[in-house]
Structures are given as structure tokens and as C-alpha cells.
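Here is the structure we will look at, set down as C-alpha cells.
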Amino acid sequence: MAELTTLESLLEMGFDKNRAEKAVAKTGNMGIEPAMDWLMEHENDPDIDEPYVPPAANVLGGAADSQSTTEQPTLADTAEGTADGDSTQREIEESLKKPMSEEERLEQVRRLEDLMRAKQAERRERERAEELEREKQRRRQGQELQQIRQKIQDDDMKKLADQRRREKMEDKLARQRVKDKIARDREERAQKFGGGGTTSTATSSQPAEPSPSSPTSHGPPPTKKEYDESRIQIRLVDGSTLTTVFKAQEPLAAVRVYIQMNSNIVEGEDFTLLSPYPRHVYTEMDMEKPLKELGLVPSAVLVVAKK
């Protein structure tokens, strides 16, 4: 039974002639399997369907066929030139020329088709494994990128939290410095004006000694002691009120600082203080004057107004 050549087998399997010729030539006519592998690997080449132009002295159809064709005249000539007619060579020649039956040809085509399907299945499995590996690689890269982004976000949040803590601490220290300054100012004014008030009180009380039985001889000291402090009610812009007590000798600036520290006024926002009745708007010069000098003792109402 004569076997089909590689080119004939590919044509029987339904491959285009140009593709079959290229596959045979590119694989060096090494057999049907290398040719089929080459066709499946290069089926998407842009020039796959262009006619194959063989190099000089290259004959397609298989080296075995060319060799057989070349040898056939030699065998025939040898057979004709032999006196006794070598029967062995004639049988070989006839077996090479003998065509396959239809059943043999179909069986060979079936085997080749099975081989092609197996190759295609193997290729699909390989491509599926490669695609699965690429997908795993993409997922790993995506996870790594997400981790990097999360780390950057966490670092930014940490920096922002640290910055806010520092700002709060600085604001707390600034408020504490203001409170300490107010306390020192109160102590200094108490020392400065408290001693003079005691001397004045003692001096004014001396004339009352000759009449200890007089019911009005002890009136002035309590009045002066009451006026050492001032109860201030502050009406804010939003309608709420603050009430606190200041020393009579504290400046109006102490009231302003108290408002800044105990109200919802935005830091840095400027405002003025005024008395509703009689109406009087206090200026920057008034801020250094004592409450007693401004007539805000023993009690007063101040209104906060935006500039």
C-alpha cells in the first residue's frame, strides 16, 4: 500500500494548497505532524495564504517522492538492461506505482484528521493554561497595586491626623498662654489697686471711730467691697449669652479675650463690644481702660457685634 505524501495528506484534510505547500517547505518535509504544528502556529500570519515561492532547485511534494521519482527511471533502466529481468526490482517499482484503494485512502485521512484534532485540543489546552497564568499574574499585580494605594492612603491619613493633633496642641498651648497672661494681669492689678483700696478704706473708716453706736457708720465699707467686682452679661451674635464676674480693675480687653475663648466666634474674626443702654460703642482705646472707669461696675450688659 503506497502512503500519501505530506502535501497530499494536507490537501486531503482540507488545507489550502498555498498553506500546505508552505508547511511542507518550512518544516523541511519532515512529516505530517511538524507540518500540522507549523500550520496551527502560523494560521494567523498575514501572508499565510500567499502562494509559496520555492528557492531554486526546490521541488515540493516530499523528498521521498522526489527520490522515488528520480530512482524510478533508474530502476526501469536497470530492469530493461538486465538480461534475465530482475523480478525483485520490478515488484518494488510496481508497489511504488500501485495506487491506494478508496478505503485505504479514507483510513489514512481519518488517522490524519484524528491527529489534527488531537493537536488542536493540545493547543487549546496550552492556550487555556497560558491565559489562566496571565489572569493570575494580572490579579497579583492588581492586588499589589491595591496594597500600595492603601498604604499611601494610610500614610496620608496618619500624616493628617498627626498634623491635626499638633494643631490642637498648639491651639491648646496658645489658649493656656492667654489664660496665664490674664491670671498674671489680674494678680498684678490686684496687688497694685488692692493695697491702695485697703489704705483708703482704713483712712475713711477712722472718722467713724468716735461714734461706734451710729447705725450708718459701717455702711461705706460693704459698698466698696461689692464694687471690687463686676458681673458682666454678654449677648453673642447668635442670641446666646455668657455671664461671668471680672475684677473691677480688669481692662475691657479681658472681657474680649473671654469671649474669644468661650464662644463659637471663629478665631481671627473681628468684632466690637457695645452697651445697649445708653448705647455706646467701645473703641480700641477703651480696651485698655478698667471696667470701673468705663462704668461697667457693679454689673453691665455688653453686646457683641460684627464689624
Side-chain angles (χ1 to χ4, degrees), residues 161-206 208 215-307:
D162 292 340
Q163 181 180 356
R164 289 180 177 176
R165 281 195 294 269
R166 286 195 300 269
E167 291 176 352
K168 288 182 179 180
M169 182 61 66
E170 291 174 357
D171 184 64
K172 183 178 180 180
L173 293 175
R175 290 176 179 270
Q176 186 61 40
R177 286 194 294 269
V178 173
K179 290 181 178 180
D180 295 341
K181 186 176 183 304
I182 293 174
R184 287 195 300 271
D185 292 343
R186 288 180 177 178
E187 292 178 359
E188 291 176 359
R189 290 188 179 89
Q191 293 176 359
K192 181 177 179 181
F193 297 100
T198 304
T199 306
S200 175
T201 304
T203 305
S204 60
S205 62
Q206 287 178 358
T216 60
S217 61
H218 298 287
T223 303
K224 289 185 178 180
K225 182 178 180 181
E226 183 183 354
Y227 288 170
D228 287 342
E229 295 180 345
S230 176
R231 186 174 183 275
I232 303 295
Q233 184 184 68
I234 304 163
R235 296 178 183 175
L236 302 176
V237 178
D238 59 359
S240 60
T241 60
L242 297 173
T243 303
T244 187
V245 177
F246 295 90
K247 293 292 183 181
Q249 297 300 330
E250 285 192 84
L252 186 60
V255 180
R256 184 183 183 88
V257 172
Y258 177 83
I259 294 172
Q260 291 174 339
M261 296 178 61
N262 294 277
S263 68
N264 56 0
I265 295 177
V266 180
E267 185 174 355
E269 183 178 356
D270 202 3
F271 61 91
T272 58
L273 296 175
L274 58 91
S275 295
Y277 183 80
R279 182 177 177 81
H280 176 73
V281 179
Y282 296 98
T283 63
E284 292 296 331
M285 296 180 61
D286 295 331
M287 293 298 160
E288 299 301 324
K289 296 179 181 180
L291 299 177
K292 186 174 183 179
E293 182 179 340
L294 295 173
L296 301 176
V297 177
S299 62
V301 176
L302 296 178
V303 179
V304 177
K306 292 184 178 180
K307 281 191 176 181

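Just so it is clear, the model here is predicted, and its values are computed rather than measured.
Between Met261 and Lys179, the closest side-chain pair of non-hydrogen atoms falls below 4.5 Å. Using a 4.5 Å cut-off on side-chain heavy atoms (C-beta onward), Ile265 and Val304 make contact. Residues Lys172 and Lys168 form no side-chain contact, since every pair of their non-hydrogen atoms from C-beta on lies 4.5 Å or further apart. When side chains are defined from C-beta on, Tyr258 counts as touching Leu242, because their heavy atoms get closer than 4.5 Å. Looking at Leu252 and Leu302, their side chains come closer than 4.5 Å, going by heavy atoms from C-beta outward. Val255 is not listed as a side-chain neighbour of Tyr282, based on a closest heavy-atom distance of 4.5 Å or more. In this structure the side chain of His280 reaches within 4.5 angstrom of the side chain of Asp286, judged on heavy atoms. Taking 4.5 Å as the limit, every side-chain heavy atom of Val297 sits out of range of all side-chain heavy atoms of Pro290.
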Problem set entry | side-chain contact (heavy atoms from CB on, under 4.5 Å) between Met169 and Arg165, worked out | CA-CA 6 Å; Met169 182 61 66; Arg165 281 195 294 269; over 6 Å; no
Problem set entry | Arg175 and Asp171: CA distance, side-chain angles, deciding distance, salt bridge (charged side-chain N to carboxylate O under 4.0 Å, His left out) verdict | CA-CA 6 Å; Arg175 290 176 179 270; Asp171 184 64; 3.1 Å; yes
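Side-chain atoms of Ser263 come within 3.5 Å of backbone N or O of Ile259 as a donor-acceptor pair. Of the possible polar contacts, none joining the Arg189 side chain to the Ala248 backbone as a donor-acceptor pair under 3.5 Å is found.
With rounding to the nearest 0.5 angstrom, the CD atom of Glu188 is 14.0 Å from the CD atom of Gln249. Rounded to the nearest 0.5 Å, atoms OG (Ser240) and CD1 (Ile234) are 10.0 Å apart. Of the inter-residue distances, the one linking Leu173 atom CG with Gln176 atom CD reads 8.0 Å to the nearest 0.5 angstrom.
A salt bridge is absent between Asp180 and Arg177: the closest approach of a Lys/Arg side-chain nitrogen to an acidic carboxylate oxygen does not fall below 4.0 angstrom.
Here salt bridge (Lys or Arg N to Asp or Glu O under 4.0 Å) pairs that include residues 230-245, with residues two or more places apart or in two chains, number zero. Residue pairs satisfying the salt bridge (Lys or Arg N to Asp or Glu O under 4.0 Å) criterion with at least one member in residues 298-307, sequence neighbours excluded, are listed as follows: Glu269-Lys306, Asp270-Lys307, Glu284-Lys307.
When all heavy atoms are compared, the tightest approach of Lys247 to Leu291 is O-CD1, 3.7 Å.
Looking at residues two or more places apart in sequence or on another chain, you find a side chain to side chain contact (heavy atoms under 4.5 Å, CB included) between Arg186 and Ile182, Phe246, Glu250.
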